[in-house]
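Below: one structure, written as structure tokens.
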Amino acid sequence: MPRIVNIGAAQMGPIARDETRAEVVERLIGHLREAKRRGCDLVVFPELTLTTFFPRWWLEDEAELEAFYETEMPGPETKPLFEEARRLGLGLCLGYAELIPNDGHGRKRRFNTAILVGADGRILGKYRKIHLPGHAEHEPWRAFQHLEKRYFETGDLGFRVFDGFGGRIGMCICNDRRWPETYRVMGLQGVEMVLLGYNTPVHNPPTPEHDALGWHHNTLVMQSGAYQNATWVVGVAKGGTEEGVPMIAGSQIIAPSGETVAQAVTEADELITAACDLDLGRGYREHVFDFARHREPDHYRLITAVRGAVHPEEGAKIEAEARAKAQAAAEPDAAE
Ligand code: CDT
């Protein structure tokens with residue numbers, strides 16, 4: 001019996017700054033109903049689905065900033081979304097800005113978060129964005145800001161994989177999709193489907209020469225992440241011109257072969273769907289990407305030993321030391 005998950009990738013067009021949560025939730029419910037008509041099991045929404053992409057602004061007023069965050073999920077304004085999904089028997093993956101007013105140690109915490117919700121309304125998993133792009137200080141030379149490093153902390157939950165929808169599901173968020181480590185950590189936990197939402201401006205102020213390549217890079221990273229880890233990847237955009245900033249769209253559902261099987265053709269609210277056979281990853285996982293047989297982690301030690309690039313001599317030294325240490329730990333008698 002094939003293990004099919006019918007996926008709805010619910011691309012959103014722009015969300016205006018003055019659009020209320022209730023108005024956005026109404027749009028999301030429209031997606032849910034269409035997804036139900038089209039036989040979906042699970043609907044994936046973008047990063048920071050509930051508001052405009054506020055990190056584009058330098059906001060000094062805490063109350064103004066915190067109005068973009070959720071302190072509970074579901075809360076009073078998102079409850080109708082959860083209720084409708086449950087009524088329709090649909091799972092969902094939702095990105096939102098998470099605010100913890102007090103973590104028990106008197107600290108306020110803010111994360112860029114996504115949750116996976118089962119068809120029964122239970123939260124099956126939570127992910128907090130790890131690769132935060134952009135900057136933390138005001139940079140007035142930019143046409144617009146990208147202040148994720150100011151408005152969010154680095155996620156503290158790791159790249160976990162959750163049982164659900166008959167398979168193993170992982171999540172990551174936007175910039176995470178550009179990093180091979182994201183997929184590999186989940187691949188090493190047998191992930192079969194990675195769900196991710198994104199808000200990607202067409203223009204990146206420090207590197208305008210890359211602007212024409214936004215679509216290419218988007219496809220490139222998601223397709224390679226899928227193929228190299230034998231997993232489905234569902235990438236869902238918030239696209240179109242939002243508060244004067246054009247964002248790429250191009251939501252895609254990508255098979256473990258690395259092939260895109262469904263792609264959005266507009267920059268607006270658009271649902272794309274695919275029947276995803278989770279067993280399609282098996283041929284890759286058991287042969288060319290049989291990790292247990294073919295990976296050589298002893299030769300990848302630099303990946304976790306350093307953050308940025310080092311001189312090749314330094315790199316070779318770190319690798320050799322790490323290998324020797326691992327060998328000594330594995331054979332304690334030989335080291336004496
Ligand atoms: N939201 C998000 O992570 N966007 C980034 C923009 C990178 S340019 C600062 C992305 O990787 O698409």
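Heavy atoms only: backbone and side chains are in, while hydrogens, waters and symmetry mates are out. Just so you know, ligand 1 is whichever comes first in the structure, and atom 1 is the first atom listed for that ligand.
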For [atom], what's the nearest protein heavy atom and its distance?
atom: atom 6 (C) of ligand 1; result: His146 CE1, 3.7 Å
atom: atom 12 (O) of ligand 1; result: Thr200 OG1, 2.6 Å
atom: atom 2 (C) of ligand 1; result: Cys174 SG, 2.8 Å
atom: atom 8 (S) of ligand 1; result: Asn204 OD1, 3.5 Å

(Q) Distance alone, cut at 3.5 Å: any donor-acceptor contact between the side chains of Glu270 and Ser251? (A) no
Q | Short side-chain donor-acceptor distance under 3.5 Å, Thr52 and Glu19 | A | no
Q | Short N or O distance, Lys129 and ligand 1, threshold 3.5 Å exclusive | A | yes
(Q) Before we go on, tell me: are the rings of Phe289 and Tyr227 under 6.0 Å apart, centre to centre? (A) yes
Q) Any idea how His31 and Phe45 line up, ring-wise: parallel (<30°), tilted (30 to 60°), or perpendicular (>60°)? A) tilted
Q: Could you tell me how the ring of Phe144 sits relative to the ring of His203: parallel (under 30°), tilted (30 to 60°) or perpendicular (over 60°)?
A: perpendicular
Lys/Arg-Asp/Glu bridge criterion (N-O < 4.0 Å) met for [X], [Y]:
X: Asp156; Y: Arg128; answer: yes
X: Arg323; Y: Glu319; answer: yes
X: Arg110; Y: Glu62; answer: yes

(Q) Pair Val306, Glu314 - check side-chain contact (heavy atoms from CB on, under 4.5 Å), show working. (A) CA-CA 10 Å; Val306 301; Glu314 173 72 0; over 6 Å; no
Q. For ligand 1, does Tyr198 get within less than 4.0 Å through its side chain, its backbone, both, or neither, judged by non-hydrogen atoms?
A. neither
Q. Where on Glu47 is there a heavy atom closer than 4.0 Å to ligand 1, on the side chain, on the backbone, on both, or on neither?
A. side chain
Atoms in ligand 1 flagged as close to [X], the criterion being non-hydrogen separation under 4.0 Å:
X: Phe53; answer: 1 (N)
X: Arg178; answer: 10 (C), 11 (O), 12 (O)
X: Asn175; answer: 3 (O), 10 (C), 11 (O)
X: Pro133; answer: 2 (C), 3 (O), 5 (C)

Q: Select the closest option to atom 4 (N) of ligand 1 among Asn199, Leu132, Ile248, judged by heavy-atom distance.
A: Asn199
Q) Does Glu148 come within less than 4.0 angstrom of ligand 1, counting non-hydrogen atoms of the residue? A) yes
